[in-house]
Amino acid sequence: MLTTLSLSGNFFTRTLPAGIGQLKKLETMDISENNLSGSIPVHITGLRSLLRLSLSNNGLSGRVPSLNGLWQLNSLDLSRNQLYGNLPALLVHLRTLLLSHNILSGPISPISRLQNLRILDLSNNRFSGAISEGILILPNTVRVDVSANRFTMIEVTRVLGSEMQLQELHAHTNHLQGHLPVNLVSAKNLMTINLGQNLVTGTIPREYGAKLEGSWRALFLDSNFLTGGLPPQFQRSGVRISGSLAHNCLSCPQSITLCHRGQRPASECVRQGGSYRYPQEAKKRAFHSERIILNKDTK
């Protein structure tokens, strides 16, 4: 009775064979790092005992099929393929969901129903819309990576509370606009925040300063359009935090480690009609996202 199938790191080609659907007792299937092509076959949903599925680092294409038949699945890794389209209905028991480096698009709001989720990686795709608050407040999630997509806003409209477990939030290299979300400071377990390489404006909230002397260990706000001075805690020599405030429009002394690499030239910090001159930067960023996907490593 076969319960584990591990064939990763070989040179298998073509599509997944239909016979795999007959392995009814299979609990773990890892066929990552091969040269598989074609779409994910629907018959894979017949593996009702499957707990972990990894098809990462192949050349699989097409849409992600409905996996509702895999009702026990808790870990799904389809990263580094050529999958496209919107997210399908997702399995409520998932604890790990890795879909990075594909061509997936649309909103990600369906993920807010995954109450058991711990690790989420949707980086390097074409997802758009909002990074919804419902995802950030999932009760068991410790790491969210939605970097290198096309999101335009991050929703943190209320106090997040101490019950949430989120420790890392990576949302760099998107098209996020508006001001920095003040309520991020209410996430008691949050330690790493990366909102760099976006289109964020306004000042750094003074509440962020207090977190530098508290739980925050890494803060990346570089390559935005932030203005004004720094909260006083940023300028204290005893603060130990990694990150960067470079390439903004801040009054940011070079004596402060977070300010190394300088700020934007004044010409980029001039408002025109109430907004900054960043449409061209957004276009370059979108083009860069295309290159990340089109030139990604596949075996």
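In this chain, numbering begins with 1 at the start of the sequence shown.
Clustering ILVMFWY residues whenever any of their side-chain heavy atoms sit less than 4.5 angstrom apart, transitively, puts Ile256 in the very cluster that holds Leu212. Leu67 and Leu23 fall within the same hydrophobic cluster, where Ile, Leu, Val, Met, Phe, Trp and Tyr residues are linked whenever their side-chain heavy atoms come under 4.5 Å apart, directly or through other members. Residues Ile193 and Val182 are members of separate hydrophobic clusters, defined by side-chain heavy-atom contacts under 4.5 angstrom among Ile, Leu, Val, Met, Phe, Trp and Tyr. Cluster annotation: Ile241 is connected to Leu180 through the hydrophobic network of ILVMFWY side chains, with a link wherever side-chain heavy atoms come within less than 4.5 Å. Linking ILVMFWY side-chain heavy atoms closer than 4.5 Å, directly or via other members, places Met29 and Leu98 in two distinct hydrophobic clusters.
Using a 4.5 Å heavy-atom threshold, the side chains of Pro205 and Leu184 count as separate. No side-chain heavy atom of Leu60 sits less than 4.5 Å from a side-chain heavy atom of Leu78. Side-chain contact between Leu104 and Leu99: present, with at least one pair of heavy atoms (C-beta onward) separated by less than 4.5 Å. Leu55 has its side chain within reach of Leu16: a pair of non-hydrogen atoms, C-beta onward, lies under 4.5 Å apart. Leu176 is listed as a side-chain neighbour of Ile131, based on a closest heavy-atom distance under 4.5 Å. Counting heavy atoms from C-beta outward, Ser66 and Thr45 have side chains that stay 4.5 Å or more apart. Using a 4.5 Å cut-off on side-chain heavy atoms (C-beta onward), Leu169 and Leu136 make contact. Between Leu250 and Phe234, the closest side-chain pair of non-hydrogen atoms is not below 4.5 Å.
Around CZ of Arg118, the count of heavy atoms belonging to other residues, nucleotides or ligands within 6.0 Å does not exceed 12. In Arg95, the CZ atom is not crowded: 12 or fewer heavy atoms of neighbouring residues, nucleotides or ligands sit closer than 6.0 Å.
Among residue pairs with one or both ends in residues 210-220, those qualifying as salt bridge (charged side-chain N to carboxylate O under 4.0 Å, His left out) are Glu213-Arg236; sequence neighbours excluded.
A donor-acceptor pair is defined here as one N or O able to donate and one able to accept, closer than 3.5 Å; such a pair exists between the side chain of Ser49 and the backbone of Lys24. Between the side chain of Asn189 and the backbone N or O of Met164, at least one donor-acceptor pair lies under 3.5 Å. The main-chain N or O of Asn125 is never found under 3.5 Å from a side-chain atom of Asn102 such that the two would form a donor-acceptor pair. With hydrogens and angles disregarded, no donor-acceptor distance shorter than 3.5 Å links the side chain of Asn116 to the backbone of His93. Of the possible donor and acceptor atoms, one in the side chain of Asn174 sits under 3.5 Å from a partner among the backbone N and O of Asn149. Formation of a donor-acceptor pair under 3.5 Å by the Gln72 side chain with backbone atoms of Arg48 is found in this model. Side chain of Asn57 to main chain of Ser8: no donor-acceptor pair is present (N/O by atom type, distance under 3.5 Å, no hydrogens or angles). Not one N or O on the side chain of Glu207 forms a donor-acceptor pair closer than 3.5 Å with the backbone of Ile204. Between the Asn35 side chain and the Phe12 main chain, no donor and acceptor come within less than 3.5 Å of each other. Not a single donor-acceptor pair under 3.5 Å links the side chain of Asp121 to the backbone N or O of Ser100.
For Asp222, there are no side chain to side chain donor-acceptor pair (under 3.5 Å) partners at least two apart in sequence or on another chain. In this view, Ser244 and Arg261 satisfy the side chain to side chain donor-acceptor pair (under 3.5 Å) rule, not counting sequence neighbours.
Rounding to the nearest 0.5 Å gives a distance of 7.5 Å between OG of Ser75 and CZ of Arg52. Rounded to the nearest 0.5 angstrom, Asp30 CG and Leu7 CG are separated by 8.0 Å. Once rounded to the nearest 0.5 Å, the distance linking CG of Asn140 with CG of Leu114 reads 11.0 Å. Interatomic distance, NE2 of His247 versus CZ of Phe225, reported as 7.5 Å (0.5 Å rounding). The structure places CD1 of Ile137 at 13.0 Å from CD of Gln165, a figure rounded to the nearest 0.5 Å. Atoms CD and CD1, from Gln82 and Ile103 in turn, are 6.0 Å apart once rounded to the nearest 0.5 Å.
Closest non-hydrogen pair, Glu155 versus Ala130, comes out as OE2-CB, 3.7 Å. Across all their heavy atoms, Asn58 and Ser32 have their closest contact at ND2-CA, 3.9 Å. Cys252 and Gln263 make their closest contact through CB-NE2, 3.7 Å (heavy atoms, listed as atom of the first residue, atom of the second, distance). Considering every non-hydrogen atom in both Leu36 and Thr13, the closest pair reads CD2-O, 3.8 Å. Nearest heavy-atom pair across Ala171 and Leu195 is CB-CD2, 3.8 Å. Of all non-hydrogen atoms in Pro107 and Leu87, the two that sit nearest each other are O-CD1, 4.2 Å.
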Leu70 vs Leu47, test: side chain to side chain contact (heavy atoms under 4.5 Å, CB included). Steps then yes/no.
CA-CA 6 Å; Leu70 305 179; Leu47 302 175; 4.0 Å; yes

Could you walk me through whether Leu245 and Leu226 pass the side chain to side chain contact (heavy atoms under 4.5 Å, CB included) test, one step at a time?
CA-CA 9 Å; Leu245 301 176; Leu226 298 170; 5.5 Å; no

Determine, step by step, whether Leu83 and Ile40 satisfy the side chain to side chain contact (heavy atoms under 4.5 Å, CB included) criterion, reporting the C-alpha distance in whole Å, the side-chain angles of both residues, the deciding distance to 0.1 Å, and the verdict.
CA-CA 9 Å; Leu83 302 168; Ile40 300 173; 4.2 Å; yes

Step-by-step side chain to side chain contact (heavy atoms under 4.5 Å, CB included) determination, Asn248 to Arg264
CA-CA 5 Å; Asn248 278 285; Arg264 292 181 181 274; 5.5 Å; no

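Of the N and O atoms on the side chains of Ser56 and Arg80, not one donor lies less than 3.5 Å from an acceptor on the other residue.
Ring orientation note: the planes of Trp216 and Tyr208 are nearly perpendicular, at an angle over 60° on the 30°/60° scale.
In summary, of the residues considered (Leu91, Leu50, Leu53), a side chain to side chain contact (heavy atoms under 4.5 Å, CB included) with Leu76 occurs for Leu53 alone.
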